[in-house]
Amino acid sequence: MAKTTEDHQNNSRLGALGESFVQTFLLEYCDWCYPTQEKHPADLLVELGSAKYTIQVKSRRETKEGKYVFAVENSRALSEVYKQYHCDILAFVFFGELGKHIKFQPNNSTQQYYTFTKEIITPTLELDSFKETLDTLSSVPIINPLLK
């Protein structure tokens, strides 16, 4: 079924709301958080000390089955500029009967679709998942020499 103009408008509004919601959360915990320009592959840039990360925000409503389904790849990926760009962090925003929630995760997989159920939503989901994401992104590999 083809999407109507109203469907496209509502999706744009939901995306803008999700980006604002994530930015508001990050402003409380980061030194800097600011939106990128329109059509940039990342939605937000965040700085914590000398560390800088790009964030792509994905917003979804709860389905009738109580799930949230996100496609990370989008139509803009067909562009050569977008194909070469890598966002560091994915921020999944859930809008549903349990309110508004964010799950952060490092963008270190080739997975293009994510499905979550409302069971993952906890009172500390945002901060816990953000800390875990930063720990993953800032972990330094340990050198394991063969000859000691």
Side-chain angles (χ1 to χ4, degrees), residues 1 3-77 81-144:
M1 177 164 77
K3 288 186 179 183
T4 66
T5 302
E6 185 177 351
D7 291 336
H8 286 291
Q9 177 67 17
N10 287 340
N11 285 340
S12 291
R13 289 178 58 205
L14 189 70
L17 179 62
E19 289 171 21
S20 295
F21 183 55
V22 172
Q23 183 179 12
T24 299
F25 172 83
L26 292 172
L27 284 169
E28 186 174 344
Y29 294 99
C30 301
D31 298 328
W32 305 98
C33 180
Y34 37 93
T36 60
Q37 69 183 35
E38 189 70 22
K39 304 297 182 193
H40 189 280
D43 297 310
L44 300 169
L45 298 173
V46 68
E47 296 182 25
L48 298 103
S50 63
K52 295 173 181 63
Y53 299 104
T54 54
I55 300 176
Q56 187 174 62
V57 178
K58 296 293 183 182
S59 303
R60 293 293 181 271
R61 290 181 190 90
E62 185 177 352
T63 66
K64 292 173 187 154
E65 297 81 25
K67 296 180 181 179
Y68 300 89
V69 181
F70 298 87
V72 174
E73 212 44 58
N74 60 33
S75 59
R76 294 185 297 183
V81 172
Y82 287 88
K83 280 182 185 177
Q84 304 305 316
Y85 195 87
H86 176 79
C87 286
D88 304 306
I89 298 172
L90 299 173
F92 299 106
V93 182
F94 310 108
F95 292 103
E97 75 176 45
L98 298 177
K100 301 181 283 283
H101 297 277
I102 308 164
K103 179 184 184 334
F104 294 96
Q105 76 179 50
N107 186 16
N108 58 2
S109 164
T110 58
Q111 188 172 338
Q112 293 185 350
Y113 289 93
Y114 294 85
T115 301
F116 302 100
T117 61
K118 56 188 168 190
E119 283 74 30
I120 71 156
I121 296 174
T122 65
T124 58
L125 175 64
E126 290 80 5
L127 192 54
D128 290 347
S129 66
F130 189 52
K131 285 179 180 176
E132 289 169 13
T133 296
L134 293 176
D135 286 347
T136 299
L137 292 174
S138 65
S139 65
V140 177
I142 297 171
I143 297 173
N144 185 12

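Atom set for the values below is all heavy atoms of this structure, side chains included, hydrogens, waters and symmetry mates excluded.
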>> Can you give me the closest heavy-atom contact between Asn107 and Cys87, atom names plus distance?
In response: ND2-O, 3.0 Å
>> How close do Ser138 and Tyr53 get, counting heavy atoms only, and between which atoms?
In response: CB-OH, 4.3 Å
> Run the side chain to side chain contact (heavy atoms under 4.5 Å, CB included) check on Gln105 and Tyr114 step by step: do they pass?
Replying inline: CA-CA 11 Å; Gln105 76 179 50; Tyr114 294 85; 3.1 Å; yes
> Leu90 and Lys58: side chain to side chain contact (heavy atoms under 4.5 Å, CB included), yes or no, with the steps?
Replying inline: CA-CA 7 Å; Leu90 299 173; Lys58 296 293 183 182; 5.5 Å; no
> Do Phe116 and Phe92 have ring centroids that are under 6.0 Å from one another?
Replying inline: yes
> Do the two ring centres, one from Phe94 and one from Phe70, sit under 6.0 Å apart?
Replying inline: yes
> Has the side chain of Thr115 got a donor or acceptor atom that lies under 3.5 Å from a matching backbone atom of Val69?
Replying inline: no
>> Quick one, Asp43 with Val22, criterion side chain to side chain contact (heavy atoms under 4.5 Å, CB included). Give me CA distance, side-chain angles, the key distance, then yes/no.
In response: CA-CA 10 Å; Asp43 297 310; Val22 172; over 6 Å; no
> What is the distance from atom CD of Gln23 to atom CD of Glu28, rounded to the nearest 0.5 Å?
Replying inline: 13.5 Å
> Could you state the interatomic distance from CG (Asp128) to NZ (Lys103), rounded to the nearest 0.5 Å?
Replying inline: 10.5 Å
>> Can you tell me how the ring of Tyr29 sits relative to the ring of Phe25, calling it parallel under 30°, perpendicular over 60° and tilted otherwise?
In response: tilted
> Side-chain donor-acceptor pair under 3.5 Å between Glu6 and Thr4, yes or no?
Replying inline: no
